[in-house]
There are 2 protein chains.
Amino acid sequence: MDAQLKILDIHEVPLVCRGCDARHNGVCSTLTPHQLTELNKHSQRKAVEAGTELIGQGQQVHSYSNILKGVVKLSKIMADGRQQIVGLQFAPDFMGRPFHGESLMAAEAATDTELCVLPRKILERMISESSELGSRLHNQALTELDEARDWMLTLGRKSAREKVASLLVLVAAHADPDRLGDCAFELPLSRADIADFLGLTIETVSRQMTKLRKDGLIHIENNRQVYVPDLDKLAVTAGGD
Amino acid sequence: MDAQLKILDIHEVPLVCRGCDARHNGVCSTLTPHQLTELNKHSQRKAVEAGTELIGQGQQVHSYSNILKGVVKLSKIMADGRQQIVGLQFAPDFMGRPFHGESLMAAEAATDTELCVLPRKILERMISESSELGSRLHNQALTELDEARDWMLTLGRKSAREKVASLLVLVAAHADPDRLGDCAFELPLSRADIADFLGLTIETVSRQMTKLRKDGLIHIENNRQVYVPDLDKLAVTAGGD
DNA sequence: CGATAATTTGAGTGAGGTCAACTTCTGTGG
DNA sequence: CCACAGAAGTTGACCTCACTCAAATTATCG
């Protein structure tokens, strides 16, 4: 590519998009500066605090979002109130299912969260135009499918202790992707959320956390601050894969 | 489109593809007669009997398949032998994950099954060339993701009775898509498979089936022949959604 | 018809649920 | 800075649903 042109292109990237994680590692990385500018005219940054419902189960979808910061939980709720978290989305994930009018789950901010909200129509037009964007979204869908299936094994076949260890390993992997050995992070989920993700009760989660602590596998401070001295050991406790 | 040309096109569809379900409702429906002919040069029909392993967990992928007949189970196995079925694929589903060298689960024929086996390289080239094929696969991935997440709710939050009822509703839906009221079908899974799909033991599955039978919600003959007098009632027992 | 596998049934046990009390955090206002 | 209130998390006692192990029954196939 012509060097001069390339420099020009870079300068055309909208201000707010520069340095945005979604543009580097998320779906926006496939867009041209022109497309970014176009999208940017209609996109909107939004900060929401923990606990905010972003969309309800069965509700009409009017927009999609990039998660810029924070963690969003996706959950299904039964008529009698039983709840199961079916996925966690971390920055810079794309949120929403294009071309599907009605949301099949609820999405709620688990932590304080920043979003880049994209109107439905505009994004869907861009997907039709850019096969690269489509295949990027295809890839994310496949990754989420893998994660969902891994979690099915956890839900169906693991003990409470293994389940809790699995969750800690999962969060550790997102907090510090290539960290080996030890690792520290803040839990983005309350005990109630963890229970809903693992198919357990709050009490069982609490008991297993206490046991893992007494066994020296984790240290906890202020309920949310976790330190894992040996990630491998914890992974083995999680069912070892 | 020119009528004459269209007739010619139809005649160019390879013989074996005419009347094939995958061409009408599966991924092949997006292909042109020319592409079908090209693909057909390298594809191969294959009949396998129940219990045949199609690919092992962690094994290299050399081909993809359309399922023409039968049911395939996808499962994850832990180091100590615990197993979880993470998905069922019915005809005319496409099987395999393009551009991903290593299979993350095992695939095994649950019933006697017929496949149309497509070599990896050829299919991947066609995906790059045809955005329609790509979006078709994207859609199947999203459908599978929805199913996986529905099943997470089943695994995490439902009782044994609800789980067994959920499975029966799932199979009924595939056997007889728009049948309301009553419905009869043959179970494609053994009790052991059902247990591995529901995260239960064989014994618990058996006991719950007996209870559903005694409650008049289902009739069973020869272990595999199921008759459901009232699908709605069964769906309510499954957790009602 | 006999052999083997698949399924059902029974008795006893245990992991995780339920309910309730207690402790620890967090944030607010005096 | 402390006192207090409400929320979040922990701990204990007890119970239940699903698991385990074992035996009986039924289906399948040569």
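Nothing here was measured: the structure is a model prediction, and the numbers come from that model. Numbers restart at 1 for each chain; the letters A, B, ... are given by sequence-line order, proteins then strands.
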Is the ring pair Y227(B)/H219(B) parallel, tilted or perpendicular, if the boundaries are 30 and 60 degrees? perpendicular

Could you tell me the separation between the [atom1] atom of [X] and the [atom2] atom of [N], rounded to a whole number of Å?
| X | N | atom1 | atom2 | result |
| --- | --- | --- | --- | --- |
| L198(A) | dA15(C) | CG | C1' | 15 Å |
| L200(A) | dC17(D) | CG | P | 18 Å |
| D196(A) | dG16(C) | CG | P | 17 Å |
| L155(A) | dG16(C) | CG | C1' | 15 Å |
| I194(A) | dA8(D) | CD1 | P | 14 Å |
| N222(A) | dT26(C) | CG | C1' | 10 Å |
| Q225(A) | dT26(C) | CD | C1' | 15 Å |

Note: [X]-[Y] ion pair, threshold 4.0 Å (strictly below):
| X | Y | value |
| --- | --- | --- |
| E108(B) | K73(B) | yes |
| D196(B) | R157(A) | yes |
| E144(B) | R97(B) | no |

Under a 3.5 Å distance rule, please check whether [X] uses its side chain to pair with a backbone N or O of [Y] as donor and acceptor.
| X | Y | answer |
| --- | --- | --- |
| D112(A) | A50(A) | yes |
| Q57(A) | I77(A) | yes |
| H100(A) | E102(A) | yes |

Set out, line by line, the N/O atom pairs under 3.5 Å between protein and nucleotides 6-10 of chain C.
{"residue": "dT7(C)", "atom": "OP2", "partner": "R191(B)", "partner atom": "N", "Å": "3.2"}
{"residue": "dT7(C)", "atom": "O3'", "partner": "N223(B)", "partner atom": "OD1", "Å": "3.4"}
{"residue": "dT8(C)", "atom": "OP1", "partner": "R191(B)", "partner atom": "NH2", "Å": "3.1"}
{"residue": "dT8(C)", "atom": "OP2", "partner": "R191(B)", "partner atom": "NE", "Å": "2.9"}
{"residue": "dT8(C)", "atom": "OP2", "partner": "S206(B)", "partner atom": "OG", "Å": "2.8"}
{"residue": "dT8(C)", "atom": "O5'", "partner": "S206(B)", "partner atom": "OG", "Å": "3.0"}
{"residue": "dT9(C)", "atom": "OP2", "partner": "T210(B)", "partner atom": "OG1", "Å": "2.7"}
{"residue": "dG10(C)", "atom": "N7", "partner": "R207(B)", "partner atom": "NH1", "Å": "2.9"}
{"residue": "dG10(C)", "atom": "O6", "partner": "R207(B)", "partner atom": "NH2", "Å": "3.3"}

Near-strand residues of residues 156-170 of chain B, defined as heavy-atom separation under 4.0 angstrom from DNA chain D: S159(B), A160(B)

For the residue pair L187(B) and M209(B), establish whether any side-chain heavy-atom pair is separated by less than 4.5 Å. yes

